[in-house]
A.B. asks: 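What follows is a single structure, and I will ask about it in a moment.
Every chain is numbered from 1 and lettered A, B, ... according to where its sequence line falls, protein lines coming before strand lines.
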There are 4 protein chains.
Amino acid sequence: MAINNVEALFAESLNELELTKKQKSVLRASLTLFSEQGFDRTSTSDIARVAGVSEGTVYKQFKTKEGILKALLGPFIQQVLPKAAGEFLDTFANTNVPDFETFLRRIVADRLTFFETNKLQLKIFIQEILSNSDMAATFINKTVGGAITRITAVMKFYQQKNEIVDWDPVRIVRYIMSTMLGYALPNLIQPDKKLNIEQSTDEVVEFIMRGIGIKKS
Amino acid sequence: MAINNVEALFAESLNELELTKKQKSVLRASLTLFSEQGFDRTSTSDIARVAGVSEGTVYKQFKTKEGILKALLGPFIQQVLPKAAGEFLDTFANTNVPDFETFLRRIVADRLTFFETNKLQLKIFIQEILSNSDMAATFINKTVGGAITRITAVMKFYQQKNEIVDWDPVRIVRYIMSTMLGYALPNLIQPDKKLNIEQSTDEVVEFIMRGIGIKKS
Amino acid sequence: MAINNVEALFAESLNELELTKKQKSVLRASLTLFSEQGFDRTSTSDIARVAGVSEGTVYKQFKTKEGILKALLGPFIQQVLPKAAGEFLDTFANTNVPDFETFLRRIVADRLTFFETNKLQLKIFIQEILSNSDMAATFINKTVGGAITRITAVMKFYQQKNEIVDWDPVRIVRYIMSTMLGYALPNLIQPDKKLNIEQSTDEVVEFIMRGIGIKKS
Amino acid sequence: MAINNVEALFAESLNELELTKKQKSVLRASLTLFSEQGFDRTSTSDIARVAGVSEGTVYKQFKTKEGILKALLGPFIQQVLPKAAGEFLDTFANTNVPDFETFLRRIVADRLTFFETNKLQLKIFIQEILSNSDMAATFINKTVGGAITRITAVMKFYQQKNEIVDWDPVRIVRYIMSTMLGYALPNLIQPDKKLNIEQSTDEVVEFIMRGIGIKKS
DNA sequence: TATGAATGAGCTTTCATTCAT
DNA sequence: AATGAATGAAAGCTCATTCAT
């Protein structure tokens with residue numbers, strides 16, 4: 001069975017590991033293979049072959065196959081939502097408050113870029129969440145929970161300014177996320193296609209603004 | 001309506017295989033285990049144990065482990081999109097043409113119900129699509145393609161009636177699907193939660209109608 | 001008398017596991033190989049080859065390699081001291097009390113027979129005790145402790161009858177055991193040699209009686 | 001006396017190898033680990049870690065893992081019996097002939113001291129003898145054989161003086177050794193306990209003298 | 001001389017699949 | 001039809017040993 005808690009993933013980061021060339025090659029090969037075939041269908045001998053190293057080298061740094069997964073997903077998970085929530089909110093707190101559409105455009109562009117950059121890790125992460133209920137639960141508790149409260153504050157801010165509809169902020173966030181997902185998901189399944197971030201951002205923002213925006217007379 | 005036939009069709013296709021009690025038990029156990037742990041992390045001895053049969057019995061009807069997967073997903077895939085498009089078009093051909101919101105409400109309720117009814121199969125299906133590029137390709141070619149053309153026709157119909165915005169029908173379908181996905185996905189990850197279909201349908205329709213509807217003066 | 005039941009009990013406890021022919025063959029092969037080469041130097045493929053079965057069969061009943069060890073040593077350990085202490089004491093409690101030499105002769109003959117019968121298990125057990133401090137501790141706590149108190153009572157009985165010297169019973173038991181060990185150990189190292197139990201018993205008793213007996217005038 | 005030279009000789013033979021600090025550290029770590037866990041359960045990386053050196057250094061002096069074992073046991077084996085027999089005989093040749101009890105007391109004290117000093121090596125040696133039939137054979141041929149003939153001469157000397165019973169000298173040696181073993185063995189299994197050599201010697205001699213001595217009227 | 005990354009053979013273990021009963 | 005013992009290929013992993021730095 002794979003990683004049991006997201007907590008472990010947060011602990012490690014790749015930079016601290018001081019990897020050799022060959023060990024980085026192991027990670028690169030694993031990223032490709034895990035995302036293409038899934039964690040369980042990738043054998044460590046597959047990884048060694050693709051990475052051009054011996055099987056022993058695969059286990060030198062990453063004590064177990066799961067250790068490779070942690071090394072790949074750890075840094076990724078740290079970026080999934082915190083950026084979306086924390087950093088943006090900090091940014092807004094210190095700058096002139098723009099209108100909601102500007103806010104939305106920034107956050108959508110940022111997250112779509114993140115998706116595109118971390119397509120492979122995301123695919124592995126989703127696979128893992130779907131077959132490891134502990135991971136899902138921990139992820140939701142530790143990551144989503146905190147983000148929601150902060151995002152909620154932002155939504156309420158714009159709701160009070162009468163820029164967006166007075167729905168439950170969670171509902172609004174759901175629409176933003178799922179609309180972005182509508183552009184991101186197909187690219188996960190067919191990874192050779194590349195996401196046109198600018199156009200996608202424009203389209204997402206246009207649709208979301210119609211869906212939740214309030215026209216000022 | 002399609003909704004009521006889903007379960008029936010699934011049962012039928014299993015009956016066509018002339019399954020004994022024990023073999024049905026194998027399928028039931030596999031459905032649960034595959035969706036909870038994933039196909040690869042479920043062993044045939046797990047299945048046998050949960051199903052309360054011997055390992056030999058598992059192989060009597062379903063020659064391989066993959067055979068069980070096919071028996072589970074086959075009937076499911078045939079229901080994913082075709083019915084949604086096909087049957088609705090048949091419905092429209094035989095009834096008075098309703099407005100877009102009515103159409104939307106029907107299709108959303110139908111698909112959300114389908115999601116809820118086939119949650120487990122859907123989860124397995126997604127897992128499979130993410131780690132089996134062949135399956136993804138096959139699914140897209142055989143299922144999505146045909147549905148798109150038929151749905152496109154419907155969208156154009158309402159666009160010509162000036163009820164919805166003049167965007168690429170594919171884009172509109174993407175929003176409808178992804179908005180529904182926003183309600184369905186959390187239930188996949190936390191399968192104990194139950195989807196409130198009525199409320200979800202209302203919310204989806206409300207949001208989509210704001211996003212793509214055109215208000216008549 | 002206990003002696004005759006040892007082999008029987010061993011067979012019984014194996015039967016309780018409901019072992020098939022091949023699984024018994026695995027145990028037989030493991031007993032030989034472990035005692036000849038040691039547990040660590042015996043590979044499970046060795047066992048499979050010698051037992052004439054597949055490697056899978058080795059693991060069907062005994063989930064791990066250590067499981068085989070437990071199956072071999074479990075019944076053995078239960079016989080090491082308890083019988084020597086418990087049953088003999090019960091016997092004495094219910095029969096006419098013989099003199100110490102008769103008592104000694106019985107116990108020596110019994111234990112030497114036990115050694116000879118369980119030579120291989122004993123060798124494995126000693127190997128294990130020497131490289132597994134947990135096992136040593138457990139063995140001493142669970143087995144030796146209880147036996148000592150009961151044997152002590154017997155010694156004191158004969159000391160009060162002035163048949164043996166008034167040393168600490170533990171010291172006396174130590175001499176009895178180590179003298180027997182002097183006959184048993186060489187046979188462990190060279191297992192092809194067979195212990196002449198009658199002669200050995202006579203010699204042990206003769207020496208011990210000189211060493212701790214009290215001549216009555 | 002032989003006793004005091006044991007440690008010195010061991011140190012000498014290591015110095016002959018011109019060992020550096022780190023290499024001595026390797027031997028020290030190996031001695032501890034081999035005796036605690038057994039040779040097979042000790043990995044060379046364990047040794048390197050405990051010794052505080054790199055794995056490469058472990059192999060600089062001792063070409064193989066077995067080479068470390070030889071370096072540890074070689075000097076030990078040369079001391080096991082030869083000195084006991086040889087040096088004592090030399091001693092007897094040059095001094096007034098003492099009585100048997102004096103002889104016995106010296107030899108017992110000497111060997112118990114040797115046991116205590118070389119507890120760890122002895123434990124490793126026994127482990128090795130039990131899982132390596134070649135080693136047992138070699139040891140018996142090269143070491144025990146020679147010693148027996150010399151010791152036999154001594155026993156016969158005292159038998160002719162009518163100090164000890166007229167048993168086969170091998171039998172007498174067996175009792176002496178096994179009685180000492182009765183004190184030494186428990187300390188092997190629980191290495192934290194320390195053998196009280198003086199008291200043990202007194203007890204051993206007292207028991208042996210009763211067992212094989214002849215009271216002069 | 002010392003290091004530790006790298007190796008690869010071989011180990012323990014799992015599991016889909018078969019087949020005699 | 002049903003069983004479950006048996007199989008053996010392949011998986012994850014360990015570790016003694018080598019060698020470039």
A.B. asks: Between P on dT14(F) and CD on Q37(D), what's the gap in Å once rounded to a whole number?
C.D. replies: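 Distance check: Q37(D) CD to dT14(F) P gives 15 Å.
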A.B. asks: Checking side-chain contact (heavy atoms from CB on, under 4.5 Å) for the pair R28(A)/K24(A): CA distance, chi angles, key distance, verdict?
C.D. replies: CA-CA 6 Å; R28(A) 224 175 298 126; K24(A) 281 176 188 165; 3.9 Å; yes
A.B. asks: Tell me: CZ of R49(C) to P of dC11(E), nearest whole Å?
C.D. replies: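 Nearest whole value for this atom pair: 10 Å.
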A.B. asks: Judged by each residue's nearest nucleotide on DNA chain E, which is more toward the 5′ side, S45(B) or S45(C)?
C.D. replies: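 Looking at DNA chain E, the more 5' nearest nucleotide goes with S45(C).
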A.B. asks: Provide the Watson-Crick or G-U wobble partner of dA1(F), both distances under 3.5 Å; none if there is no partner.
C.D. replies: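 Base partner found: none.
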A.B. asks: Just wondering, do I68(A) and F34(A) contact through their side chains at under 4.5 Å, heavy atoms?
C.D. replies: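 The answer is yes, as the side chains (C-beta and beyond) meet within the 4.5 Å cut-off.
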A.B. asks: Touch check for V53(C), heavy atoms < 4.0 angstrom, all strands: base, sugar-phosphate only, or nothing?
C.D. replies: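 Sugar-phosphate, backbone atoms only, no base.
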A.B. asks: Could you state the CG-P distance from L19(A) to dG4(E), rounded to the nearest angstrom?
C.D. replies: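 From L19(A) CG to dG4(E) P: 16 Å.
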A.B. asks: Please state whether the base of dA6(F) and the side chain of K22(C) form at least one donor-acceptor pair under 3.5 Å?
C.D. replies: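 Counting by modelled atom types and ignoring angles, no donor-acceptor contact under 3.5 Å is found here.
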A.B. asks: When you measure from the side chain of K60(B), which nucleotide among dA6(E), dA2(E), dA1(F) comes out closest?
C.D. replies: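 In terms of side-chain proximity for K60(B), the closest of dA6(E), dA2(E), dA1(F) is dA1(F).
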A.B. asks: Decide yes or no on side-chain contact (heavy atoms from CB on, under 4.5 Å) for L130(B) and L130(A), but give the supporting numbers first.
C.D. replies: CA-CA 10 Å; L130(B) 287 176; L130(A) 287 176; 4.3 Å; yes
A.B. asks: Q23(C) has a side chain; which of dA16(F), dA16(E), dA6(F) sits nearest to it?
C.D. replies: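 The answer is dA6(F).
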A.B. asks: Toward the 5' end of DNA chain E, which comes first, E55(D) or T57(A), by nearest nucleotide?
C.D. replies: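 By nearest-heavy-atom nucleotide position, the 5'-most residue is E55(D).
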A.B. asks: At under 4.0 Å between heavy atoms, what does K65(A) touch on the DNA or RNA strands: base, sugar-phosphate, or nothing?
C.D. replies: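 The residue K65(A) makes sugar-phosphate contact but no base contact.
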A.B. asks: Does a side-chain heavy-atom distance below 4.5 Å link F39(B) with K65(B)?
C.D. replies: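 The answer is yes; the side chains approach within 4.5 Å.
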A.B. asks: Once you apply the 3.5 Å cut-off to both distances, tell me the Watson-Crick or G-U wobble partner of dG10(E), or none.
C.D. replies: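 Checking every strand shown, dG10(E) finds its partner in dC13(F), with both distances under 3.5 Å.
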A.B. asks: Take atom CD1 of I47(C) and atom P of dC11(E), then tell me their distance rounded to the nearest Å.
C.D. replies: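 Spelled out: CD1 on I47(C) to P on dC11(E) is 11 Å.
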A.B. asks: Reckon S43(D) touches a base, only the sugar-phosphate, or nothing at all at heavy-atom distances under 4.0 Å?
C.D. replies: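 Sugar-phosphate contact only.
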A.B. asks: Is R41(D) paired with E128(C) through a side-chain N to carboxylate O contact shorter than 4.0 Å?
C.D. replies: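 R41(D) and E128(C): salt-bridged.
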A.B. asks: With a cut-off of less than 4.0 Å, is there a side-chain N or O of S54(B) near OP1 or OP2 of dG4(F)?
C.D. replies: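 So the side-chain polar atoms of S54(B) never come under 4.0 Å of the phosphate oxygens OP1 or OP2 of dG4(F).
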A.B. asks: In terms of the nearest nucleotide of DNA chain F, which residue is placed more toward the 5' end: T64(D) or G56(B)?
C.D. replies: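 Mapping each residue to its closest nucleotide by heavy atoms, the 5'-most match is G56(B).
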A.B. asks: Go nucleotide by nucleotide along DNA chain F from the 5' end; which of T44(A) and T20(C) gets its closest nucleotide reached first?
C.D. replies: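 Upstream on the strand: T20(C).
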